[in-house]
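The structure appears right after this line, and notes come after that.
First the proteins, then the strands, lettered A, B, ... as listed; each starts at 1. Remember, predicted model here, so these are calculated numbers, not experimental data.
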Amino acid sequence: MKNDHRARNHPAYWAFLVHRVSGVALTLFLPLHFWALGNALQGEARLESFLRWADQPLVKFAEWVLVLLLAAHMAGGVRLLMLEFLDWRDWQKTLLAGAAGVSIAVALLFLLNLT
Amino acid sequence: MVFSAKPPRLRASAVKGLTFMTTLKVKIWRGTESGQFQTYDVPRLESQTVLDVVTYVQRRLDPSLAYRFACRVGVCGSCAMTVNGVSRWTCRTHVDKVAAGDTLEIAPLRNLPVIRDLATDMTEFFDKWAKARGRFTGAHTRKDDFATVKPESKERKRVDAGIECIGCGVCYSACEVVTWKPDYLGPAALNRAWTLANDVRDVAQQERLAAVAGDAGCHACHTHLNCTERCPKGISPTAGIAGLKRLVLKAAMKGEL
Ligand code: SF4
Ligand code: SF4
Ligand code: FES
């Protein structure tokens with residue numbers, strides 16, 4: 001028999017989920033990112049129109065979500081590296097809280113910069 | 001409360017003498033891999049454990065119920081089950097702590113074949129301890145003097161952190177990777193290997209590292225920490241597994257593996 005969601009309902013498992021989901025989302029975003037960069041190479045006019053499009057509030061919000069994902073994935077990655085390479089025992093929850101804190105702080109900073 | 005040689009829950013008079021708080025609706029798994037939950041009404045008592053509830057059902061309502069226990073005090077590791085979806089030792093889990101309202105759902109451990117009802121086949125679980133080279137190999141004979149291991153040494157402290165395992169299988173049942181990858185050695189066997197890897201008297205270290213390295217060994221762990229979250233003895237198999245990964249890496253860099 002298999003476990004269901006009740007067995008997975010604890011902070012470390014949420015951390016795993018956030019890391020996995022943000023990783024997948026970032027992978028999906030990458031082609032779009034390269035496409036935008038490719039536009040820049042194609043000439044100023046196309047980039048201009050793209051940048052104008054990217055100035056809409058909804059797109060701005062999506063950008064903010066991306067930064068949050070990136071920050072969460074990075075902080076989660078650092079957390080994992082620390083769990084794997086340091087001789088930890090009792091402070092893994094502190095580490096988790098730290099990772100969550102860092103990712104939210106980075107995203108908020110970005111948001112402040114935007115406005 | 002009257003103290004007696006027999007636990008009070010086994011005696012009709014003792015049960016009658018207590019005021020029932022409410023009635024628990026207890027869903028218990030009946031069958032093997034295929035089966036269904038059956039509901040029983042069990043009087044809810046003060047300080048009742050989940051094992052008390054199962055025992056009540058077996059002794060009074062349905063003697064055909066299969067389950068396992070021995071010590072009742074958290075030592076033997078034989079009473080683990082899945083309680084309201086979470087793997088737990090039942091003899092030291094109070095109903096008050098886990099009941100959702102007045103309901104309990106009791107199922108066998110996950111990731112192990114079900115023999116019948118609440119009893120799982122633990123063969124695989126213990127075979128994996130052997131596969132992880134979980135036995136001590138010393139070089140001394142009875143003619144040698146005692147080995148001295150300083151209590152404050154790093155190795156001894158690491159052993160202490162993992163040595164109290166009672167082999168209950170809770171971590172193994174909670175581990176997602178065991179579900180994904182049935183040949184994964186699992187948290188308990190690897191925790192055992194880690195305690196031996198830190199035993200300065202042991203002389204089979206290289207062989208053990210070879211046994212725990214690789215895809216079915218420590219490298220399969222995704223650091224979900226399900227095991228660490230659920231181990232009733234407060235052990236962190238995840239920490240031990242991470243330690244094994246580091247030892248394997250070191251040995252590989254030195255070309256010993
Ligand atoms: S930390 Fe590793 S061993 Fe423990 S539950 Fe997760 S995957 Fe399994
Ligand atoms: S490590 Fe903990 S949960 Fe796993 S078998 Fe040992 S005591 Fe049980
Ligand atoms: S019956 Fe022995 S640990 Fe629960």
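Ranked by heavy-atom pairs under 4.5 Å with chain B, the list A:Leu83, A:Asn9, A:Asn3 is led by A:Asn3. Ranked by heavy-atom pairs under 4.5 Å with chain A, the list B:Pro108, B:Ala107, B:Ala161 is led by B:Ala161. Counting heavy-atom pairs under 4.5 Å between each of A:Asp4, A:Leu17, A:Leu80, A:Leu86 and chain B puts A:Leu86 at the top. Across B:Val86, B:Thr223, B:Ile241, the residue that shares the most heavy-atom pairs under 4.5 angstrom with chain A is B:Thr223. Ranked by heavy-atom pairs under 4.5 Å with chain A, the list B:Ala239, B:Gly234, B:Pro113, B:Cys221 is led by B:Ala239.
Looking at B:Ser34, there are no atoms closer than 4.5 Å to chain A (heavy atoms on both sides), in backbone or side chain. Only the backbone of B:Ala174 comes within contact range of chain A, with heavy atoms under 4.5 Å apart. For chain A, the nearby part of B:Thr179 is the side chain; its heavy atoms alone come within less than 4.5 Å. Proximity to chain A (any heavy atom under 4.5 Å) is shown, for B:Thr82, by neither the backbone nor the side chain. With a 4.5 angstrom heavy-atom cutoff, B:Leu249 touches chain A only via side-chain atoms.
B:Lys250 has no carboxylate O lying under 4.0 Å from a charged side-chain N of B:Glu256, or vice versa, which leaves the two without a salt bridge. Remark: B:Lys157 does not engage B:Glu152 in a salt bridge, criterion side-chain N to carboxylate O under 4.0 Å.
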*Would B:Ile166 and B:Trp89 count as a side-chain contact (heavy atoms from CB on, under 4.5 Å) if you check the C-alpha gap in whole Å, the side-chain angles of each, and the deciding distance to 0.1 Å?*
CA-CA 10 Å; B:Ile166 56 173; B:Trp89 55 357; 3.8 Å; yes
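B:Asn198 pairs in a side-chain hydrogen bond (donor to acceptor under 3.5 Å, both in side chains) with only one of the listed residues (B:Lys154, B:Arg158, B:Glu155), which is B:Arg158.
Here the side chain of B:Asn84 pairs a donor or acceptor atom with the backbone of B:Glu105 at under 3.5 angstrom.
Between B:Phe125 and B:Trp129, the angle of the ring planes goes over 60°, which puts this pair in the perpendicular group of the 30/60° scheme.
For residues 180-190 of chain B, there are no side-chain hydrogen bond (donor to acceptor under 3.5 Å, both in side chains) pairs, not counting sequence neighbours.
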